[in-house]
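On a predicted model such as this, the values are computed, not experimentally measured, just so you know. Heavy-atom basis, side chains included; hydrogens, waters and symmetry copies ignored.
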Amino acid sequence: MSETPDSAVHAVRTYIEQHRETFLGDLAEWLRIPSVSAQPERAGDVRRSAEWLAAHLTGTGFPTVEVWETPGAPAVFAEWPSEDPDAPTVLVYGHHDVQPAAREDGWRTEPFEPTVIDGRMYARGAADDKGQVFFHTLGVRAHLAATGRTTPAVRLKLLIEGEEESGSPHFRALVEEHAGRLAADAVIVSDTGMWSETTPTVCTGMRGVADCEITFHGPDQDIHSGSFGGAVPNPATVAGRVVAALHDAHERVAIPGFYDGVTELTEAERALVAELPFDEAAWLRTAKSHGTLGEAGFSTLERVWARPTAEVNGIGGGYQGPGGKTIVPASAQLKLSFRLVAGQDPATIERAVRDWLAGLVPAGIRYEITFGAPTRPCLTPLGHPALTALAGAMSRAFDGATVRYTREGGSGPAADLQDVLGAPVLFLGISVPSDGWHAPDEKIELDLLMKGVETTAYLWGDLPAALHDAQR
């Protein structure tokens, strides 16, 4: 006889509570490894972190666990087949590298000595992302214990990379190299968060990004502005005019073709955003800013989550020292970035920017424009059955609370998984804004961490029917 929902919840929670202390002790052991991918002297620690995780996943029960090499830091792959022949395949993504941290940065505790205070574990990586990777290990065991299964209800794969905090420079190549091994019907990304402790949410998308650096050259050297100014083009003036031309009077990006293909927000999506308890004044305080500004006709959250942007990241040129120096400078520089939303292609944006720039630069100015490696946007449609299953599993973990939907304004490697594997990407994170990602005193709320464990325990049983529905 199958379990009722209430008995299933009881079984999952009982198992989690029985194993909570061991789970937290193991997490603390992993957090003590300073796996800072950005610091070359920590390369050995990043490798040690990967090897530690691989050993723990083997102990969890994954029959296949491998450390995958890259030209940089290693990733960890694990796979646990299901005994059900028609079980769908789910790939979980996260990362085991962390941001730099030192006590003198302002930490109240040692960043790599996990400390529990008032139900919170303080340590670098507690929330971003070791804690959120780790809840999957106890979650799958709780799923098995509560259902009496010996294998998960899905074919479960994990890919935990070691370079996310360094921009994932080798991640796409890794995914392409192992695309057959990584093939999945859905991808779960556990490197995001929730709106707040009392408002559980599921992220449905992340923006992409393209960035470029432009150098303008005028005279072959700095020249006298009295003798030559007004008669030769000034590269600093050109840089200023390019910046001024980026937006129109309504703060809309003025590059021709920039909005082509943009997936517009539906009225239903706008209504869901409006339901969130957004405190703009508090948000401004977090942003250390004194007013909002952006594309006309959209709210602050809509601008950050669902609209493309163009930003000036840096501008320079000419004399910057004390006092005056009356010159026409030889060169000037701009750094620009473009956040992209679903429907936009980074290659198309690059061409549009190049064409736009060519029409603005006058004769007598030479320039170079260089683009960095782009990140594509990704979006999960609100009506996707797998998203409904994820929200339902989270609602059960949060005692029936309504689960709302958000997006992330930032960018990450999730789009590479969507692009290469052709699978929908779902986001499952339980971190909250106060966790202080990348900041001193990063922490994780332990009760919320257990909600992440509980959500996955339900999710693996709920996803098969949802994914079969999605394929019909």
Go through the steps for Ser431 and Trp437 under the test side-chain hydrogen bond (donor to acceptor under 3.5 Å, both in side chains), then give the verdict.
CA-CA 9 Å; Ser431 180; Trp437 291 26; 2.8 Å; yes

Evaluate Tyr122 against Leu31 for side-chain contact (heavy atoms from CB on, under 4.5 Å), listing each step before the verdict.
CA-CA 10 Å; Tyr122 292 84; Leu31 290 168; over 6 Å; no

Could you please spell out the steps behind the salt bridge (Lys or Arg N to Asp or Glu O under 4.0 Å) verdict for Asp45 and Arg32?
CA-CA 10 Å; Asp45 291 316; Arg32 291 189 182 99; over 6 Å; no

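By the salt bridge (charged side-chain N to carboxylate O under 4.0 Å, His left out) test, Glu295 pairs with Arg252, Arg307, sequence neighbours left out. In this structure His178 satisfies the ring-ring contact (aromatic ring centres under 6.0 Å, His included) test together with Trp68, sequence neighbours excluded. The side chain to side chain donor-acceptor pair (under 3.5 Å) test applied to Asn313 returns Ser337, not counting sequence neighbours. Checked against salt bridge (charged side-chain N to carboxylate O under 4.0 Å, His left out), Glu350 has the following partners two or more places apart in sequence or in another chain: Arg354. When the ring-ring contact (aromatic ring centres under 6.0 Å, His included) test is applied to His56, the partners found at least two apart in sequence or on another chain are Trp52, Phe134. Every residue two or more places apart in sequence or in another chain that forms a side chain to side chain donor-acceptor pair (under 3.5 Å) with Asp399 is listed here: Arg13. Applying the salt bridge (charged side-chain N to carboxylate O under 4.0 Å, His left out) rule to Lys157 yields no partners; only residues at least two apart in sequence or on another chain are considered. With sequence neighbours excluded, no residue forms a salt bridge (charged side-chain N to carboxylate O under 4.0 Å, His left out) with Asp211. Residues forming a side chain to side chain donor-acceptor pair (under 3.5 Å) with Thr406 (at least two apart in sequence, or on another chain): none. Phe427 pairs by the ring-ring contact (aromatic ring centres under 6.0 Å, His included) definition with nothing, not counting sequence neighbours.
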Donor-acceptor list for residues 412-425 side chains, cut-off 3.5 Å, not counting sequence neighbours:
from   : atom 1 : to     : atom 2 : distance (Å)
Asp416 : OD1    : Arg172 : NH1    : 3.0
Asp419 : OD2    : Arg172 : NH1    : 3.1
Asp419 : OD2    : Arg172 : NH2    : 2.7

Side-chain donor-acceptor pairs of residues 88-97 under 3.5 Å, sequence neighbours excluded:
from  : atom 1 : to     : atom 2 : distance (Å)
Tyr93 : OH     : Glu161 : OE2    : 2.6
His95 : ND1    : Asp97  : O      : 2.9
His95 : ND1    : Asp97  : OD1    : 3.1
His95 : NE2    : Asp128 : OD1    : 3.0
His95 : NE2    : Glu164 : OE1    : 3.2
His95 : NE2    : Asp191 : OD1    : 3.3
His95 : NE2    : Asp191 : OD2    : 3.4
His96 : ND1    : Ser49  : OG     : 3.0
His96 : NE2    : Pro74  : O      : 3.0
Asp97 : OD1    : Glu164 : N      : 3.3
Asp97 : OD2    : Ser37  : OG     : 2.7
Asp97 : OD2    : Glu164 : N      : 3.1
Asp97 : OD2    : Glu165 : N      : 2.8

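In terms of modelled atom types and a separation under 3.5 Å, the side chain of Thr60 and the main chain of Phe62 share no donor-acceptor contact. No side-chain donor-acceptor contact under 3.5 Å links Glu113 to the backbone of Glu110. The backbone N or O of His10 lies less than 3.5 Å from no partner atom in the side chain of Tyr15, so there is not a single donor-acceptor pair. For the pair Lys451 (side chain) and Ala397 (backbone), a donor-acceptor distance under 3.5 Å is present.
Donor-acceptor pairing under 3.5 Å is recorded for the side chains of Asp185 and Gln471. Side-chain polar atoms of Thr115 and Lys443 form no donor-acceptor pair below 3.5 angstrom. Side-chain atoms of Thr150 and Glu83 form a donor-acceptor pair, as typed in the model, at a separation below 3.5 Å. A donor-acceptor pair shorter than 3.5 Å can be found between the side chains of Ser190 and His136.
Between the CG atom in Leu246 and the CZ atom in Phe258 there is a gap of 9.0 Å [rounded to 0.5 Å]. Atoms CZ and OG, from Phe171 and Ser166 in turn, are 14.0 Å apart once rounded to the nearest 0.5 Å. Here Asp435 contributes atom CG and Gln132 contributes atom CD; the two are 8.0 Å apart, rounded to the nearest 0.5 Å.
Because its NZ or CZ atom is not both nearer than 6.0 Å to the ring centre of Phe298 and within 45° of the ring axis, Arg303 does not count as a cation-pi partner of that residue. Phe112 does not carry Arg124 over the face of its six-membered ring by the limits of under 6.0 Å from the centre and within 45° of the normal.
Around CG of Asp118, the count of heavy atoms belonging to other residues, nucleotides or ligands within 6.0 Å does not exceed 12.
Contact between Arg181 and Glu66 at its shortest, heavy atoms only, is NH2-OE2, 3.0 Å.
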